Amino acid sequence: MGKQLTSAAAGILLLVGVSAAAAQDVIIQPEQDTVIREYVKKKPLASLSLPGVELNIGTALPETVELYEVPDVQYRYVVIDGRTVLVDPGTRKIVKVYD
């Protein structure tokens with residue numbers, strides 16, 4: 001009985017881990033990427049400086065950072081250290097960094 005329970009628990013943990021990893025893999029379609037790039041070019045923002053915050057996919061931005069809408073796109077953007085950053089507004093995590 002204990003062995004079966006342990007195997008079931010291990011299986012659940014494996015599924016949770018796979019789901020968490022998949023959630024971090026955001027795929028932005030080329031058409032959507034073009035819309036985002038064109039919009040942020042037309043609507044430039046002042047660049048912010050966030051000492052101690054690394055601009056990596058999955059990094060959560062502080063609540064104090066204002067995120068700006070891209071029409072018809074689920075993500076928001078902000079410019080940090082001269083780089084445009086695409087952010088999931090629900091989690092505030094970076095999904096893409098544009099150079």
Side-chain angles (χ1 to χ4, degrees):
M1 175 78 172
K3 203 173 201 179
Q4 288 176 334
L5 188 56
T6 304
S7 295
I12 290 170
L13 289 175
L14 179 62
L15 287 174
V16 169
V18 169
S19 296
Q24 290 184 2
D25 294 337
V26 173
I27 298 173
I28 298 170
Q29 298 300 320
E31 305 81 35
Q32 191 177 32
D33 191 59
T34 300
V35 167
I36 294 166
R37 286 177 185 270
E38 288 176 2
Y39 185 82
V40 301
K41 195 179 283 188
K42 290 178 189 174
K43 302 282 186 176
L45 299 173
S47 182
L48 303 174
S49 178
L50 293 176
V53 175
E54 292 190 30
L55 298 183
N56 297 319
I57 293 174
T59 299
L61 296 180
E63 291 290 329
T64 55
V65 175
E66 185 173 356
L67 304 177
Y68 296 87
E69 183 178 348
V70 177
D72 303 320
V73 176
Q74 70 185 45
Y75 303 109
R76 304 293 181 258
Y77 78 106
V78 65
V79 178
I80 302 172
D81 297 330
R83 299 169 79 189
T84 299
V85 179
L86 205 57
V87 180
D88 180 328
T91 62
R92 300 190 63 84
K93 289 185 179 181
I94 296 172
V95 297
K96 184 162 185 170
V97 179
Y98 293 95
D99 288 318

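Remember, it's a predicted structure, so these values are computed and weren't measured experimentally.
Residues V70 and R76 fail the side-chain proximity criterion, which asks for heavy atoms closer than 4.5 Å. Contact of the I36 side chain with the L86 side chain is registered, since non-hydrogen atoms from C-beta on lie closer than 4.5 Å. A heavy-atom distance below 4.5 Å is found between the side chains of S49 and D81. Taking the side chain as every heavy atom from C-beta outward, I94 and N56 never approach each other to under 4.5 Å.
With hydrophobic clusters built from ILVMFWY side chains whose heavy atoms lie under 4.5 angstrom apart, V65 shares a cluster with V97. Grouping the Ile, Leu, Val, Met, Phe, Trp and Tyr side chains by contacts below 4.5 angstrom, directly or via other members, places V87 apart from Y68. Placement of V73 and V95 within a single hydrophobic cluster is found when ILVMFWY residues are connected by side-chain heavy-atom separations under 4.5 Å, directly or transitively. Cluster membership for V79 and L50, using ILVMFWY side-chain heavy atoms within less than 4.5 angstrom, is not shared.
There is a side-chain donor-acceptor pair under 3.5 Å between D33 and Y98.
Closest non-hydrogen pair, E66 versus V78, comes out as O-CG2, 3.6 Å. The two atoms that bring G82 and S47 nearest to each other are N-OG, 2.7 Å, heavy atoms only.
The backbone N or O of L55 lies less than 3.5 Å from no partner atom in the side chain of T59, so there is not a single donor-acceptor pair.
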Stepwise side-chain contact (heavy atoms from CB on, under 4.5 Å) test for V26 and Y75: CA-CA 11 Å; V26 173; Y75 303 109; 3.0 Å; yes

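For D72, the CG atom sits in a loose shell: 12 or fewer heavy atoms of surrounding residues, nucleotides or ligands are nearer than 6.0 Å.
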